[in-house]
Amino acid sequence: MARIVNDSDRLSRYLFNKGDFSRPVGKAKPRAFERPPKDNDLSMFHTEGLDEPNVWTLGASTRADQTLKARADLRADDVATAGLTIDPNDDPPRHVSILGWPSSEEDELQVRVRLADAATLVLRPTA
Amino acid sequence: MRHRPGRIPPRGASFLDRQRAKPSRPRGQIIPIHSLDASEPRVTTGEADASSPSAFVSVDLPDAWQGQELRVMVERHERSIADKLMLVRTHQAESWFSEAEAELLDAYETASTDNWDDEGSDAMTKRAWNVAHRLLRAIDATAPKPEIGIGRRGQVMLDWLISDRNTLTVEVHSDGHCVYAALYGGPASRGSMRGVIDEAEVTANAPDDLELALARLNRHANGSDR
């Protein structure tokens, strides 16, 4: 059965690079929402309904070779407000692809700035 | 091999070696020509015509100074102006520039080859480095220091997160052009700016759009226009 993402659901972008966020300001940077050079989509995860430990467990499992440092949480309707679409493809489980990026560089940067602005930064608790 | 600032790099020194070898004089300091040493610009002067008030100035930049913005100031015009000429290394006061410059060098070292992050990201080009360096130098010293990062397409990313609601990001791309986007203001008066800056617009003076964006961010962050 296809995954359903509601407007108010939480989507998480997992951050493995400390340059993706500002600890003093407590915000994700636009870089956190930049796609890989040759990809059309941005990877996020539908974390609605998961408790905090499981949100982190899911994130850590996505990149076993790197240390998860933080995450940027958005509501699904923040993504839509930025003019993007969500493809809940569940591959891997709970994965969603963010599609519909503008073709011009300045518009794309503006979208990333808006996503970073709307996102809530959550630092990974230290063990 | 690394070199201390101010030392002349050997022949064949790398791009980074030459950058590190740049003289470490404080920014904004006025340097009398007669005090310049061999590693610094060689300035020659002459008069085009003895009966004319005009004169010419030739500045020969050593490699280590390439990319630096220089201004030549005539303190007072006289027939012999050699002793009156001063080199003024831009208007920016000593501030965060040295720290930002070091971060920019680190970023270049990190991302100087493709796939520098094992995720297929593109390398940062020298051209992007040079434009970013010029941009940092040109920005008003009273502006906050930007955070410097590397994008996945090898672009230099300058982030001003002045507060949680007032942000400006400038990306300097591999071919030298820049794009920027800003958000500012509170919930009642949210504003935004975005645009493209051509490489040629990045001179000794910061592009007007960036100055305007930074001014708006500062104004809103200070709470004077919420």
>> I'd like to know if the side chain of Gln155(B) pairs up with that of Glu34(A) as donor and acceptor (distance under 3.5 Å, no hydrogens or angles considered).
In response: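 Judged by distance alone, the side chains do pair up.
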> Does CG in Asn6(A) sit with more than 12 non-hydrogen atoms of other residues, nucleotides or ligands closer than 6.0 Å?
Replying inline: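 Yes, enclosed.
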> Is the number of heavy atoms from other residues, nucleotides or ligands under 6.0 Å of Asp164(B) CG greater than 12?
Replying inline: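 More than 12 within 6.0 Å, yes.
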Value rounded to 0.5 Å, distance of [atom1] in [X] from [atom2] in [Y]:
{"X": "Arg152(B)", "Y": "Arg35(A)", "atom1": "CZ", "atom2": "CZ", "result": "11.0 Å"}
{"X": "Thr169(B)", "Y": "Arg31(A)", "atom1": "OG1", "atom2": "CZ", "result": "12.0 Å"}
{"X": "Leu161(B)", "Y": "Lys27(A)", "atom1": "CG", "atom2": "NZ", "result": "9.0 Å"}
{"X": "Asp117(B)", "Y": "Gln66(A)", "atom1": "CG", "atom2": "CD", "result": "8.0 Å"}

Indicate yes or no: at least one non-hydrogen side-chain atom of [X] is less than 4.5 angstrom from one of [Y].
{"X": "Arg194(B)", "Y": "Leu109(A)", "answer": "no"}
{"X": "Glu105(A)", "Y": "His177(B)", "answer": "yes"}
{"X": "Pro30(A)", "Y": "Asp159(B)", "answer": "yes"}
{"X": "Ser192(B)", "Y": "Gln110(A)", "answer": "yes"}

> Where does Asn17(A) contact chain B at under 4.5 Å (heavy atoms): side chain, backbone, both or neither?
Replying inline: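 Neither; nothing under 4.5 Å.
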> Quick one: ring pair (Phe, Tyr, Trp, His ring centres under 6.0 Å) pairs with a partner in residues 52-108 of chain A, sequence neighbours left out?
Replying inline: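 Matches after skipping sequence neighbours: Phe45(A)-His95(A).
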>> Go through it in stages, so that I can follow the logic: the residues are Glu106(A) and Glu171(B), the test is side-chain contact (heavy atoms from CB on, under 4.5 Å), and I'd like the CA-CA distance, side-chain angles, deciding distance and then a yes or no.
In response: CA-CA 9 Å; Glu106(A) 66 267 34; Glu171(B) 295 187 342; over 6 Å; no
Show me, pair by pair, the donor-acceptor contacts under 3.5 angstrom made by side chains of residues 116-125 of chain A, not counting sequence neighbours?
residue: Asp117(A); atom: OD1; partner: Arg190(B); partner atom: NH2; Å: 2.6
residue: Asp117(A); atom: OD2; partner: Arg190(B); partner atom: NH2; Å: 2.8
residue: Arg124(A); atom: NH1; partner: Leu68(A); partner atom: O; Å: 3.4

> What are the two closest heavy atoms between Val113(A) and Ala181(B), and how far apart are they?
Replying inline: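 Nearest heavy atoms, Val113(A) then Ala181(B): CG2-CB, 3.8 Å.
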>> Looking at every non-hydrogen atom in both residues, tell me the closest pair between Ser121(B) and Pro37(A) and how far apart they are.
In response: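 For Ser121(B) versus Pro37(A), the nearest heavy atoms are CA-CG, 3.9 Å.
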>> For chain B, which candidate among Gly19(A), Ser104(A), Ser22(A), Gly26(A) shows the most heavy-atom pairs at distances under 4.5 Å?
In response: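 The candidate making the most pairs under 4.5 Å is Ser22(A).
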> What part of Ile150(B) is in contact with chain A, defined as an atom under 4.5 angstrom from a non-hydrogen atom: side chain, backbone, both or neither?
Replying inline: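 Just its backbone gets close to chain A.
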